[in-house]
Amino acid sequence: MGVNVADMLDGNECREFVTLTELLHSSPIGVFDSGYGGLTILREIRKRLPQYDYLYLGDNARAPYGVRSFDVVYRFTLEAVRYLFNQGCRLVILACNTASAKALRSIQQNDLPGIDPSRRVLGVIRPTVEKVGGITRNGNIGIFGTPGTIQSRSYEIEIEKMYGGRCHTYGQACPMWVPLVENEEATGDGADFFVKKYITQLLAQCREIDSVILGCTHYPLLIDKIRHYMPQGIEIIEQGGIVAESLADYLHRHPEMECRCSRGGTVKYLTTENAGRFGDMASLFLQEQVSAAHIDIS
Ligand code: DGL
């Protein structure tokens, strides 16, 4: 069936922004994570914005990122962003906290202007920080994250910038939580020990904490145990819904980008590791069967 391009543009409110060539090429929203964790973000984004096409990329071959240096996380993340751009994505979400903490700012400020200033890369830390101010009652905020995210102090810096002295942050690295999830032990008895351990260590820093950010995309898979061991009255903040809402708001405020995101309602999964294994693990995160394709990005 032929497509009449003139019809596609006629009366189309995108007309002032989008060229004919752009309309004819699919431009999915790219969602990047070091591995599987970003699927918890993608799941919520698709619930909120099912109309768009998505291209998910998990760099499973080089995960975990959480223990890697700034330089390495930045290099890996930039390679992934370039790959997604080459696949037609004009907007890429870094669904990984570690990548958002260690690579986002450099990519936005130093790389994007040279690659294509009209493309965008967004992260997960700022939307979460924007939300937390309305959740905390006494300003004492705990952050669970990978060692890399906590060492970067990215949450602390953003919260300080946004709320000044009104909020105090307490970071707690949870190096065992990602391996527990990756090894399908999130609901096993062994997970209890490490969930209890990091909650205890966090609360030892400050007894008054009233809100805790799950600052890693894997942690929602431990949510039942985290809820179980977290004292009553402490708000546990998951990022999926927050990031989805923030993306919806971004697209609403940026019609020039919204018009370039293709609307087929499709999702494709790419992994730098074994495609079969990705499909099996992804079904854990998404509660649906998915099939993936293997790619090389380095
Ligand atoms: N997805 C990463 C994050 O949100 C954690 C996994 C990893 O260490 O690679 O921080």
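In each ligand, atom 1 is the first atom listed, and ligand 1 is the first ligand listed. No hydrogens, no waters, no symmetry mates; every other heavy atom, side chains included, goes into these values.
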For this session: May I ask you to test the Phe144-Gln172 pair for a side-chain heavy-atom distance under 4.5 Å?
Result: yes

Problem set entry | Any Val81 side-chain heavy atom under 4.5 Å of Leu94 side chain | yes

Exercise. Ile141 versus Ile237: any side-chain heavy-atom pair under 4.5 Å?
Worked result: no

Exercise. Have Tyr52 and Glu258 got a donor and an acceptor in their side chains that come within less than 3.5 Å?
Worked result: yes

Under 3.5 Å, N/O to N/O: give me all the pairs between ligand 1 and the protein, one per line with atom names and distance.
residue, atom, partner, partner atom, Å
ligand 1, 1 (N), Asp33, OD1, 2.9
ligand 1, 1 (N), Thr217, OG1, 2.8
ligand 1, 4 (O), Asn97, N, 3.0
ligand 1, 4 (O), Asn97, ND2, 3.4
ligand 1, 4 (O), Thr217, N, 3.0
ligand 1, 4 (O), Thr217, OG1, 3.1
ligand 1, 8 (O), Tyr65, N, 3.4
ligand 1, 8 (O), Gly66, N, 2.8
ligand 1, 9 (O), Ser34, OG, 2.6
ligand 1, 9 (O), Tyr65, N, 2.7
ligand 1, 10 (O), Thr98, N, 3.1
ligand 1, 10 (O), Thr98, OG1, 2.7

Problem set entry | side chain to side chain contact (heavy atoms under 4.5 Å, CB included) between Glu44 and Glu245, worked out | CA-CA 9 Å; Glu44 297 305 316; Glu245 204 45 56; over 6 Å; no

Exercise. Looking just at side-chain N and O atoms, do Tyr65 and Asp33 make a donor-acceptor pair shorter than 3.5 Å?
Worked result: no

